[in-house]
Amino acid sequence: MHDRPHLVLIGPMGAGKTTLGRLLAQQMQRPFVDLDTVIVQAAGVTIPLLFQREGEHGFRKRERAALADVLAGTPAVIATGGGVVLDPDNRHALRRHGYVVYLRVSLATQLHRLHGDTSRPLLDTPDPAARLAALQAQRERLYLETADLVFDADAGSPEALSTALAARLNSTGACCA
């Protein structure tokens, strides 16, 4: 990872980017950065309020700026938001500065993990399953295009998944886990 210092986790809502990212950062003895947290801290408001005030476009603009700042910083394990891949500049920056892992999960897993989560404005809909399926259909190609590695994060405890992912990264020589 010498030329691409960051380990970046991408994927849909409920894939486990934040949970696995924290565990991987501990294993790798690196800082952990949750991009959504960076955005919230900079904005001073929650993501749902940000969406309400600025819409998705405003949020994506903030996301692009936060990503550029994080990628310019200390090598870290970075958990992105599910829509970070929508912006071509973001995809380019991710590939240029990070080893990118796409955490792939099924719709059933997403629904299970996100049940009762009211912090996600894109799921504020009468039919979350249909919304998640539509987002996945829109983004799957972009996740695959951006990722260096696809990792199935559907089954297993967070600890088991992070151990398996660290081993896979180690075996590819992609990181220092």
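Nothing here was measured: the structure is a model prediction, and the numbers come from that model.
Atom CD of Glu63 sits about 8.5 Å away from atom CD1 of Ile47, to the nearest 0.5 Å. Summarising the geometry, atom CZ belonging to Arg91 is positioned 5.0 Å from atom CD belonging to Glu145; distances are rounded to the nearest 0.5 Å. Separating the CD1 atom in Ile78 from the CG atom in Leu35 is a distance of 7.5 Å, to the nearest 0.5 Å.
Between Asp148 and Val101, the closest side-chain pair of non-hydrogen atoms is not below 4.5 Å. Looking only at side-chain heavy atoms (C-beta outward), Arg60 and Asn90 stay at 4.5 Å or farther from each other. The side-chain heavy atoms of Leu103 and Leu165, taken from C-beta on, include a pair separated by under 4.5 Å.
Leu142 and Val105 fall into different hydrophobic clusters, where Ile, Leu, Val, Met, Phe, Trp and Tyr side chains are chained together by heavy-atom contacts under 4.5 Å.
A salt bridge does not link Arg104 with Asp152: every distance from a Lys NZ or Arg NE/NH1/NH2 to an Asp or Glu carboxylate oxygen is 4.0 Å or more. Using a 4.0 Å cut-off between charged side-chain N and carboxylate O, Arg62 and Glu54 make a salt bridge.
For Phe59, the ring-ring contact (aromatic ring centres under 6.0 Å, His included) test picks out Phe51, with sequence neighbours left out.
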Side chain to side chain donor-acceptor pair (under 3.5 Å) between Tyr102 and Glu140, worked out: CA-CA 10 Å; Tyr102 167 26; Glu140 173 74 8; 2.4 Å; yes
Worked check of side-chain contact (heavy atoms from CB on, under 4.5 Å) between His97 and Val8: CA-CA 9 Å; His97 298 287; Val8 183; over 6 Å; no
Residues Leu50, Ile39; criterion side-chain contact (heavy atoms from CB on, under 4.5 Å); working and verdict: CA-CA 10 Å; Leu50 204 53; Ile39 295 165; 3.7 Å; yes
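Nearest heavy atom pair, residue Pro31 against residue Pro75, reads CD-O, 3.3 Å. When all heavy atoms of Leu161 and Ala153 are compared, the closest pair comes out as CD1-O, 3.7 Å. The two residues Gln27 and Ala166 make their nearest non-hydrogen contact at OE1-CB, 3.7 Å. When all heavy atoms are compared, the tightest approach of Val84 to Ile10 is CG1-CG2, 4.3 Å. Between Leu169 and Leu149, the shortest heavy-atom contact is CD2-CD2, 3.7 Å. Residues His6 and Arg30 share a closest heavy-atom pair of CA-NH1, 4.2 Å.
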Result block: side-chain N/O donor-acceptor pairs under 3.5 angstrom for residues 17-25, not counting sequence neighbours:
unit_1 : atom_1 : unit_2 : atom_2 : d
Lys17  : NZ     : Gly11  : O      : 2.9
Lys17  : NZ     : Pro12  : O      : 2.8
Thr18  : OG1    : Asp34  : OD2    : 2.5

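Between the side chain of Gln136 and the backbone N or O of Leu107, no donor-acceptor pair lies under 3.5 Å. A donor-acceptor pair is defined here as one N or O able to donate and one able to accept, closer than 3.5 Å; no such pair exists between the side chain of Tyr99 and the backbone of Ala147. One N or O on the side chain of Ser162 and one on the backbone of Glu159 form a donor-acceptor pair closer than 3.5 Å.
Each of Val100, Thr146, Thr80, Leu144 was compared with Val85 under the side-chain contact (heavy atoms from CB on, under 4.5 Å) criterion, and only Thr146 meets it.
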